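For reference, positions follow the sequence shown, starting with 1. Since this is a predicted model, take the numbers as computed values, not measurements.
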Amino acid sequence: MAVSGPGRVPPATPDFAAIRAEFALPQEFPPEVLVEAERAAARGPAGERVDATDLPLVTIDPPGSKDLDQALGVVRTATGYRVHYAIADVGSFVRPGGALDAEVRRRGQTVYLPDGSVPLHPPTLSERAASLLPDGPRPAVLWTVELDGAAEPVSVDVRRALVRSAARLDYEGVQADFDAGRLHPALAGLPELGRMRRALALGRGAIELEMPEQEVVPDGAGWTVRVRARSAVEQWNEQVSLLTGASAAGIMIEAGVGLLRTLPAPDPEALAGFRRTAEELGVAWPDGAHPAEVLAGLPPSGAVPLAVRRAATALLRGARYTAFDTAAGVPVPEDPGHGGIGSTYAHVTAPLRRLVDRFGSELCLALAAGQEPPDWLRAALPALPEVMAASDALAGKVGRACVDRTEAGLLVGRIGERFEVVVLRAGGPEGEPGEVFLADPPVVARCAGAPRAGRTALVRLTAADPGTGRIEFAAGDAPASGAAPTA
């Protein structure tokens with residue numbers, strides 16, 4: 001919060017068009033790609049598939065979403081739980097080696113900006129023919145996972161199917177329905193299973209940071225930044241996605257061919273540093289406790305928990321995609337796990353928005369049917385990690401630029417004001433700036449002379465540049481370093 005300063009100046013409107021230009025985001029699809037997509041949509045999916053239109057399935061996405069990748073149904077059975085997870089069958093629309101295939105390989109993933117996305121696939125597919133909208137049967141890759149009473153999987157099946165979504169729901173609405181005791185029948189088993197799977201994940205050492213997640217949202221005629229709260233429903237739904245990704249990884253590893261999302265376990269130095277920081281902040285660390293247990297035991301809010309969670313980000317470094325094919329002499333990685341999830345994992349649940357998921361789905365379909373993966377699929381695996389690393393980096397930079405420049409626009413007229421912040425990271429011994437979190441508006445920024453982490457402090461805003469997103473604070477009475485014009 002602000003505690004002193006001059007009168008307010010209207011915020012500067014972020015220029016998302018400039019961000020698109022700066023990062024050379026494509027503005028449209030080439031004509032031949034659009035023609036191919038239209039023909040694929042008109043032709044419909046090829047090949048035989050199971051009729052599963054009687055399954056109770058629903059989608060849960062942010063309000064207004066049209067690129068619906070997943071439809072789910074979770075029910076309690078006599079012996080445990082049954083999960084049906086239908087994934088958009090993008091592979092049935094994209095011809096390997098065609099113009100559409102080449103274009104989506106160049107893009108890598110959908111890039112989201114506050115005023116609209118830069119889609120991976122043309123909207124005729126991603127928002128209509130391939131999307132799991134509730135307006136008719138849709139082709140899908142249908143995962144069926146049977147789990148025992150302890151929520152551990154006992155069997156996995158994946159095949160092409162025809163499904164029908166009963167409803168397009170959003171997280172806020174489903175959470176309200178759950179709170180009111182009127183949950184959709186398709187989701188009857190989700191709360192119980194979601195809780196149990198989260199507990200199992202914690203037992204495996206899954207690290208959940210729960211750091212404030214900033215997002216840019218409309219605010220009247222302009223834009224503002226807010227912290228997006230994750231509901232319990234969103235967390236339970238995430239567990240179904242993780243379960244499916246872990247099942248896919250198991251299929252790939254057993255067959256000796258695949259593409260995993262890997263994250264190495266924290267090295268001893270990183271673990272020791274995190275424990276040292278946590279104990280310096282007064283957080284109890286029981287003998288033998290895993291960092292995941294320490295993080296799970298933190299209060300949901302407060303200066304110390306925020307600082308501890310920020311320090312824990314050092315444990316989650318090195319995520320990448322790892323391809324392997326034992327038949328081609330590329331072995332399964334020695335450490336195939338994902339340290340943040342606590343298990344092996346592969347991306348297969350968002351093919352409309354992420355390139356690699358289409359290849360993962362096609363691979364699992366072939367392997368589950370006892371077939372050899374097609375040559376075009378095997379040939380693509382070695383190049384996909386580099387493609388996805390580049391698109392991940394681009395999407396991350398674009399998202400960060402949108403948040404940073406919106407934050408700077410909100411603060412540009414407040415240079416010189418003093419704010420109460422939470423110190424996430426103290427400054428270094430050689431004058432390196434620390435890092436602070438301002439709650440209103442929610443801003444994470446550098447701070448010169450930041451005092452001890454895990455405490456609140458009064459700092460002065462010294463820079464806010466809407467053109468670059470640069471925001472800087474300083475402890476004490478450091479003078480302002482200037483700001484870009486507000487226009």
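When side chains are defined from C-beta on, Arg168 counts as touching Lys66, because their heavy atoms get closer than 4.5 Å. Within the 4.5 Å cutoff, side-chain heavy atoms of Val104 are placed close to those of His121. Looking at heavy atoms from C-beta onward, Leu187 lies in side-chain contact with Leu72 at the 4.5 angstrom threshold. Residues Val387 and Arg107 have side chains not in contact (no heavy-atom distance under 4.5 Å, counting atoms from C-beta outward). Between Leu132 and Leu57, every side-chain heavy-atom pair lies at or beyond the 4.5 Å cut-off. Between Leu306 and Arg309, the closest side-chain pair of non-hydrogen atoms is not below 4.5 Å. The shortest side-chain heavy-atom distance between Phe359 and Pro351 does not fall under the 4.5 Å cut-off. Counting only heavy atoms from C-beta outward, the side chains of Pro119 and Phe29 approach each other to under 4.5 Å.
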So Glu208 and Leu295, side-chain contact (heavy atoms from CB on, under 4.5 Å) or not? Walk me through it.
CA-CA 7 Å; Glu208 296 188 356; Leu295 288 165; over 6 Å; no
Under the criterion side-chain contact (heavy atoms from CB on, under 4.5 Å), I'd like the reasoning laid out for Val158 against Leu365: C-alpha separation, chi angles, the key distance, then a yes or no.
CA-CA 6 Å; Val158 56; Leu365 284 165; 4.0 Å; yes
Which is it for Val240 and Leu190 under the side-chain contact (heavy atoms from CB on, under 4.5 Å) test, yes or no, and what are the steps along the way?
CA-CA 9 Å; Val240 176; Leu190 181 62; 3.8 Å; yes
Does Phe93 form a side-chain contact (heavy atoms from CB on, under 4.5 Å) with Leu100? I'd like the steps, not just the answer.
CA-CA 9 Å; Phe93 291 96; Leu100 175 58; 5.7 Å; no
Could you walk me through whether Glu213 and Arg230 pass salt bridge (charged side-chain N to carboxylate O under 4.0 Å, His left out), step by step?
CA-CA 9 Å; Glu213 184 177 338; Arg230 276 166 46 89; 5.5 Å; no
Start with the C-alpha distance between Thr244 and Thr349, add both sets of side-chain angles, then the distance that settles side-chain hydrogen bond (donor to acceptor under 3.5 Å, both in side chains), and finish with yes or no.
CA-CA 8 Å; Thr244 307; Thr349 62; over 6 Å; no
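Summarising the geometry of Ser126 relative to Ser131, their closest heavy-atom pair is O-CB, 3.4 Å, with the distance given to 0.1 Å. Taking each heavy atom of Pro139 and Ala129 in turn, the nearest pair found is CD-O, 4.4 Å. Between Val216 and Val403, the closest heavy-atom pair is CG2-CA, 3.8 Å. Nearest heavy-atom pair, Val304 versus Gly454, reported as atom, atom and distance to 0.1 Å: CG2-O, 3.5 Å. The minimum heavy-atom distance between Pro56 and Ala186, with the atom names listed, is O-CB, 3.4 Å. In terms of heavy atoms, Val348 sits closest to Gly245 at CG2-CA, 4.5 Å.
A donor-acceptor distance shorter than 3.5 angstrom exists from the side chain of Gln214 to the backbone of Pro442, with no hydrogens or angles considered. Judged by distance alone, with hydrogens and angles left aside, the side-chain atoms of Glu420 form no donor-acceptor pair with the main-chain N or O of Thr456 at under 3.5 Å. Judged by distance alone, with hydrogens and angles left aside, the side-chain atoms of Arg49 form no donor-acceptor pair with the main-chain N or O of Arg160 at under 3.5 Å. With hydrogens and angles ignored, the 3.5 Å screen pairs no side-chain donor or acceptor of Asp67 with any backbone N or O of Asp69. A donor-acceptor pair under 3.5 Å links the side-chain atoms of Thr110 to the main chain of Leu120, judged by distance alone. Under a 3.5 Å cut-off, the side chain of Arg138 and the backbone N or O of Ala88 do not form any donor-acceptor pair.
More than 12 heavy-atom neighbours from other residues, nucleotides or ligands sit within 6.0 angstrom of CD on Gln371. Atom CZ of Arg76 sits in a crowded spot, with more than 12 heavy atoms from other residues, nucleotides or ligands closer than 6.0 Å. By the neighbour-count criterion of 12 heavy atoms within 6.0 Å, atom CZ of Arg195 is densely surrounded, having more than that number from other residues, nucleotides or ligands.
A salt bridge is defined here as a Lys NZ or Arg NE, NH1 or NH2 lying under 4.0 Å from an Asp or Glu carboxylate O, and Glu103 with Arg106 meets this definition. Salt-bridge annotation for Glu22 and Arg405: present, with a side-chain N of the basic residue lying under 4.0 Å from a carboxylate O of the acidic one.
Separating the CZ atom in Arg105 from the CG atom in Asp101 is a distance of 4.0 Å, to the nearest 0.5 Å. Atom CG of residue Leu68 and atom CD1 of residue Ile60 lie 11.5 Å apart, to the nearest 0.5 angstrom. Taking CG from Leu242 and OH from Tyr345, the interatomic distance works out to 5.0 Å, rounded to the nearest 0.5 Å. Note that the CG atom of Leu243 and the OH atom of Tyr85 stand 9.5 Å from one another [nearest 0.5 Å]. Within the model, atoms CE of Met388 and CG of Leu259 stand 9.0 Å from one another, a figure rounded to the nearest 0.5 Å. Taking CG of Asp177 as the reference point, atom CD of Glu172 lies at 11.0 Å (rounded to 0.5 Å).
Applying the salt bridge (charged side-chain N to carboxylate O under 4.0 Å, His left out) criterion to Arg354, with sequence neighbours excluded, gives Asp357.
Judged as a side-chain hydrogen bond (donor to acceptor under 3.5 Å, both in side chains), the pairs with a partner in residues 150-159 (not counting sequence neighbours) are, in order, Asp157-Arg159.
A side-chain donor from one of His84 and Thr144 sits under 3.5 Å from a side-chain acceptor of the other.
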